[in-house]
Amino acid sequence: MPSAPINEDSHLYLIDASAYIFRAFHALPPLSRASDGLPVGAVAGFCNMLWKLLEELKGDERPTHFACVFDKGSYTFRNDLYPDYKANRDEPPEDLRPQFPLVREASIAFACHALEMEGFEADDLIATYARQAEAKGARVTIVSSDKDLMQLVTDKITMLDTMKSKHLGIEAVYEKFGVGPEKVVDVQALAGDSTDNVPGAPGIGVKTAATLLGEYGTVEELLAHAEEIKQPKRRQTLIDFADQVRISKQLVKLDDNVPVETPLEDLAVCDPDPVTLIEFLEKMEFRTITRRVRETFEAEGVLEEPTQGEVGFDKENYVCVRDFKTLEDWIARAYDAGVIAVDTETDSLDCQLCNLVGISIAVAPNEACYIPLGHIDPDHTGGGDMFDADPPRQINKAEALKALKPLLEDKAILKVGQNIKYDYTVFARNGITLAPIDDTMLLSFALHAGMHGHGMDELSERYFHHTPIPFKEVAGTGQKQITFDRVPLDKATEYAAEDADVTLRLWQMFKPRLHKERVTTVYETLDRPLIPVLADMERHGIKVDRDFLSRLSSDFQQRMAGLEDAAYKAAGQEFNMGSPKQLGEILFGEMDLPGGKKTKSGQWSTDASQLEYLAAQGHELPQIILDWRTLSKLRSTYTEALQDAINPETKRVHTSYSMAGAQTGRLSSTDPNLQNIPIRTEEGRKIREAFIAEEGNVLISADYSQIELRLLAHIADIDALKNAFKDGLDIHAMTASEMFDTPIEGMDPMVRRKAKAINFGIIYGISAFGLANQLGIERGEASDYIKAYFEKFPGIRKYMDETKAFAKENLFVKTAFGRKLHLKEMGSKNGAQRAFAERQAINAPIQGSAADIIKRAMIAMPEALAKKKLDAKMLLQVHDELIFEVPESQAEDTIKLVQSVMQKAPLPALQLSVPLDVEAKAAKTWAEAH
DNA sequence: GCGATCACG
DNA sequence: GACGTACGTGATCGCA
């Protein structure tokens, strides 16, 4: 959630959304969605209003903070004061009711914060935020024409009636009420309000009220002097209805002190995401506004325009291939095309377990087919009873694969896929080595990292304005979801052939752009060649000792039970130890412990730093919770989950690496994540003992030592650091020695620790706050350290300034091997967003270059091992570490080779001015090898 | 589906 | 002078 400070330069816009909806519903002609008749008139009005407003506000008037405010529930504190408050209101009309949630959806699609709070009207929230902003000197515009809000108007706070395009200030208030904003509530208290059922004093209207207040100032004063009033009728009314007037004043007076949950700063404006917004508008079937919004985004260059001469999608053209003759036709067409898109359909997301269900192939836009191979009851005649089904009328899987294999392995035919590592693995498990290949997901990643996601649906939407059939539309969702082998063939064909079609079109669009964007080398030498390497690692998997994990799990379980008893005793009650909410209430509510800190959602923070603070003061419960949490984490995430991850067929654990997940070009690991296996604590390290080598083999772990700091030394060209690495010095001690002017010999470990934190901080785009947090010191002290560091290493500051300047100018940064990360927020007006982008700009080239280097090592590794006739298999990558499994007799030779390949990985593309050091060790378990 | 928490580099 | 912040990830849990 973006956040920005509020000051004199800020301008907050608050949209009175609930009032708008009612007004739009009655003022605008009814409108219903063409496809299903859902009434959407008020939603359309709301979207139009919001869009027009946002367009008008571009340029100097651009708000810095923006929110839509809604009523929630119908019961507020005013009903306690006066049960008849708003009692005259009818239920909202039938046609309006379904539109409320849609309007909330709309405001989210427009990236507007939607605010609401039980027990308060939208007006109270508006009052609270408006006053808060005003107190900080900001300007406020309330978008509403509701006269009840006029009491808020000041020289800083104005109102905007969008339907009449009128700005309302203090003058308008005088016009309407005959008094200034500060007396509006008094007028309303006397005159009453029939729409809200505020009684007021009978017979007194706005005019009279204004006259009376001109004389007496306030309602209280007036009532106190009611006896003096000359007109007998008016005098009597005021005496008789004094209490009613007092209550009325309370009813109309807005509460500007609501305990709001979202801090004002968090209402910072945020540009709507073009794709999300257009998706919503299309779903609503708002033709005109969708077109207008799209044209604006295209003109601004944030949404891709459709290429000229593009062919529309026509799924009628897709073919279901169910006989061998037709299959041969398609194979011939594929050879003619030279480039084809391929997609496999399976019965599971896990490519190590799944069965091949069908294959789709596209040879040109709209020219695509689906070849069902493993569908149950393809004619959908069995009514769910497989025994009654007709014999499946689909080509025999083995025969089809035999016919396809030459095509799929033909050097002259390029096979394009979206996330093709998945399909590569499926084919590999069916005896086919897919080659040569291209991956549209990775093409998009090389071209657009940081600009948008790289999933097929998103890319199709963004580049073709075409929404592919959602998977859940063919397979259903939740409990009722079916596997793809049960999808009827007509639907399966539409879905699968379309995926191949879209993929081919994406390839046609992206491939020529590589060169223009100067990312050809990144894609061709780092990403594409890594696909088969990773696929092989994933498929090989790593052996895990299930019994060992199971024993560890029971041990943890027993100790957790003990801690639970102790915790209940300390707390004086039973509670759910896994619930931060319950824990917070006990610690800071009932036990009233000190130092309670907020979280974003307003709950007590109970994270480790808070609990450690309390434990240090000698409180018992926090320490118990800390210990319990450690065990609970280890058990649920590791000892239990890892057992479940063992593949029943291979008896090994197969992770899946994502190549387009991390913005910097790092890999990430999922299902299970094997890149975050514990090591930092004694307890957690035990889990690594469960990762073992096959009988007669050992595991080898080889890791780059300090690779990111070495890259910093190289990229920023710092002689002192480079020499330290060349001389094999302890880099943190060396930094400390320079900064604090003390000898390395006999150095206080605390001093070295500080220097180490600073070294890491530099890589992260340092701030005094972050460093202070890390070291548990005052911000001033941290600030002094940073100053001392930059004085000793002025080259680092120069590098940081230059990198930020480059990023600001180009809106991207590059790694040493040319990988780009786009940072569109570098130009953001929002200070916090921009600062974040600046830190990314510092960090990404370093983290990304390290990722490039280990990728190069991984790509070179299989061939280097084969050349030395070593049987080592690369199993895992953990950012700066590679894990291998190798026959015990080859361990020594493998270590030497692996070290050499890793050290030389940057060559010949890049000659680093610092040496790369690789530490490697062989052992029976990962715990010992590391 | 999301926030809080915590595991790793 | 005030503001909000360390960089990059994924899994699990409680809770709405």
Side-chain angles (χ1 to χ4, degrees), chain A residues 1-10 136-137 263-266 268 575-584 599-611 625-626 629-630 632-638 640-642 645 655-658 661-681 683-685 687-688 703-704 706-708 757-758 760-775 779 782 786 821 830-848 850-851 854 877-881 930:
Chain A
M1 202 58 99
S3 184
I6 289 264
N7 53 37
E8 288 82 358
D9 300 328
S10 307
K136 298 208 168 179
L264 183 55
E265 289 76 18
D266 286 2
F575 65 103
N576 185 341
M577 301 204 22
S579 164
K581 190 176 175 224
Q582 292 182 30
L583 176 63
T599 83
K600 267 194 191 121
S601 62
Q603 271 170 24
W604 297 110
S605 166
T606 68
D607 65 14
S609 70
Q610 283 296 301
L611 297 184
I625 301 287
L626 281 168
R629 276 206 189 143
T630 307
S632 162
K633 178 80 175 182
L634 294 177
R635 193 175 121 88
S636 64
T637 311
Y638 300 105
E640 285 297 302
L642 275 174
T655 184
S656 171
Y657 289 103
S658 162
Q663 309 267 306
T664 53
R666 270 193 178 179
L667 300 178
S668 74
S669 158
T670 59
D671 308 308
N673 181 355
L674 295 186
Q675 290 182 321
N676 72 346
I677 303 301
I679 190 166
R680 291 174 186 173
T681 63
E683 211 68 81
R685 193 183 274 261
I687 290 163
R688 291 198 175 209
D703 69 282
Y704 286 109
Q706 313 282 13
I707 187 167
E708 292 191 356
I758 291 169
F760 277 108
I762 293 294
I763 291 172
Y764 297 153
I766 199 155
S767 74
F769 180 94
L771 183 63
N773 235 7
Q774 182 65 38
L775 284 173
R779 209 192 313 200
I786 295 171
L821 170 60
N830 180 325
Q833 273 178 36
R834 197 178 52 247
F836 182 44
E838 284 175 357
R839 291 196 296 275
Q840 288 181 309
I842 304 289
N843 175 258
I846 302 169
Q847 189 182 114
I854 197 166
Q877 188 251 43
V878 192
H879 309 307
D880 63 359
E881 175 187 11
H930 187 84

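Throughout, a chain's letter reflects where its sequence line sits, starting with A, and its residues are numbered from 1. What you see is a predicted model, and the numbers here were worked out from it, not measured in a lab.
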Subject >> Phosphate contact (dG9(B) OP1 or OP2) by Arg666(A) side-chain N/O below 4.0 Å >> reply: no
Original post:
Checking all strands, does Ala608(A) fall into the base, sugar-phosphate, or nothing category for heavy-atom contacts under 4.0 angstrom?
Top reply: sugar-phosphate
**OP:** Walk me through it: do Gln847(A) and Thr664(A) pass the test side chain to side chain donor-acceptor pair (under 3.5 Å)?
**Re:** CA-CA 7 Å; Gln847(A) 189 182 114; Thr664(A) 53; 2.8 Å; yes
Subject >> OP1 or OP2 of dA4(B) under 4.0 Å from side-chain N/O of Thr599(A) >> reply: yes
Original post:
So what does Arg779(A) touch, heavy atoms closer than 4.0 Å: a base, only the sugar-phosphate, or nothing?
Top reply: base
**OP:** Taking atom P in both dT5(C) and dA4(B), compute the distance separating them and give it to the nearest angstrom.
**Re:** 13 Å
Subject >> P-based separation of dG4(C) from dC8(B) [nearest Å] >> reply: 31 Å
Original post:
Can you list the residues that meet the side-chain contact (heavy atoms from CB on, under 4.5 Å) rule with Ala645(A), with sequence neighbours excluded?
Top reply: Val653(A), Pro672(A)
Original post:
Taking only residues two or more places apart in sequence, or in another chain, which ones meet Phe769(A) in a ring pair (Phe, Tyr, Trp, His ring centres under 6.0 Å)?
Top reply: none
Original post:
With a 4.0 Å cut-off on heavy atoms, is Gly684(A) in touch with a base, just the backbone sugar-phosphate, or nothing at all?
Top reply: nothing
**OP:** Could you name each residue pair satisfying salt bridge (charged side-chain N to carboxylate O under 4.0 Å, His left out) that touches residues 665-677 of chain A, not counting sequence neighbours?
**Re:** Arg666(A)-Glu708(A)
Original post:
Hey, does Tyr638(A) have a side-chain heavy atom less than 4.5 Å from the side chain of Asn676(A)?
Top reply: yes
**OP:** Just call it for Gln603(A): base, sugar-phosphate, or nothing, with non-hydrogen atoms closer than 4.0 Å on any strand.
**Re:** nothing
**OP:** Would you classify Thr606(A) as touching base, sugar-phosphate or nothing, given that sugar-phosphate means primed atoms plus P, OP1 and OP2, and contacts are heavy atoms under 4.0 Å?
**Re:** sugar-phosphate
Original post:
So, is Arg839(A) near the phosphate of dT5(C), with a side-chain N or O under 4.0 Å from OP1 or OP2?
Top reply: no
**OP:** Assess whether one donor atom and one acceptor atom, taken from the side chain of Gln675(A) and the base of dC8(B), lie less than 3.5 Å apart.
**Re:** no
Subject >> Rounded distance in Å between the C1' positions of dT5(B) and dC3(C) >> reply: 26 Å
Original post:
More than 12 heavy atoms of other residues, nucleotides or ligands under 6.0 Å from CZ of Arg834(A): is that the case?
Top reply: yes
Original post:
With Lys581(A), which residues qualify under salt bridge (Lys or Arg N to Asp or Glu O under 4.0 Å), at least two apart?
Top reply: none
**OP:** Have a look at Ala832(A) and say if it touches a base, only the backbone sugar-phosphate, or nothing, with a 4.0 Å heavy-atom cut-off.
**Re:** nothing
Original post:
How is Gln840(A) classified with respect to the nucleic acid when contacts are heavy atoms under 4.0 Å: base, sugar-phosphate, or nothing?
Top reply: sugar-phosphate
**OP:** Give a yes or no answer on whether the side chain of Gln675(A) reaches the backbone of Gln877(A) with a donor-acceptor pair at less than 3.5 Å.
**Re:** yes
**OP:** Assign Ala837(A) to base, sugar-phosphate, or nothing according to its heavy-atom contacts below 4.0 angstrom with the strands shown.
**Re:** nothing
Subject >> Dot-bracket line, read 5' to 3' along DNA chain C, where crossing pairs take [ ] and | marks a partner on another strand, Watson-Crick or G-U under 3.5 Å >> reply: ......|||||||||.
Subject >> Under 4.0 Å protein heavy-atom contact, by nucleotide of nucleotides 11-16 of chain C - B base, S sugar-phosphate only >> reply: BSSSSS
Original post:
Which part of the nucleic acid does Arg629(A) contact within heavy-atom distance under 4.0 Å: base, sugar-phosphate only, or nothing?
Top reply: sugar-phosphate
Original post:
If each of Phe836(A) and Ile6(A) is mapped to the nucleotide of DNA chain C with the nearest heavy atom, which maps nearer the 5' terminus, i.e. the 5' end?
Top reply: Ile6(A)
Subject >> Lys136(A), nearest nucleotide to its side chain (from dG8(C), dA6(C), dC3(C)) >> reply: dC3(C)
Original post:
If we only count heavy atoms from C-beta on, is the Gln610(A) to Trp604(A) side-chain gap below 4.5 Å?
Top reply: no
**OP:** Classify the nucleic acid contact of Ile766(A) as base, sugar-phosphate or nothing, counting any heavy atom under 4.0 Å across all strands shown.
**Re:** base
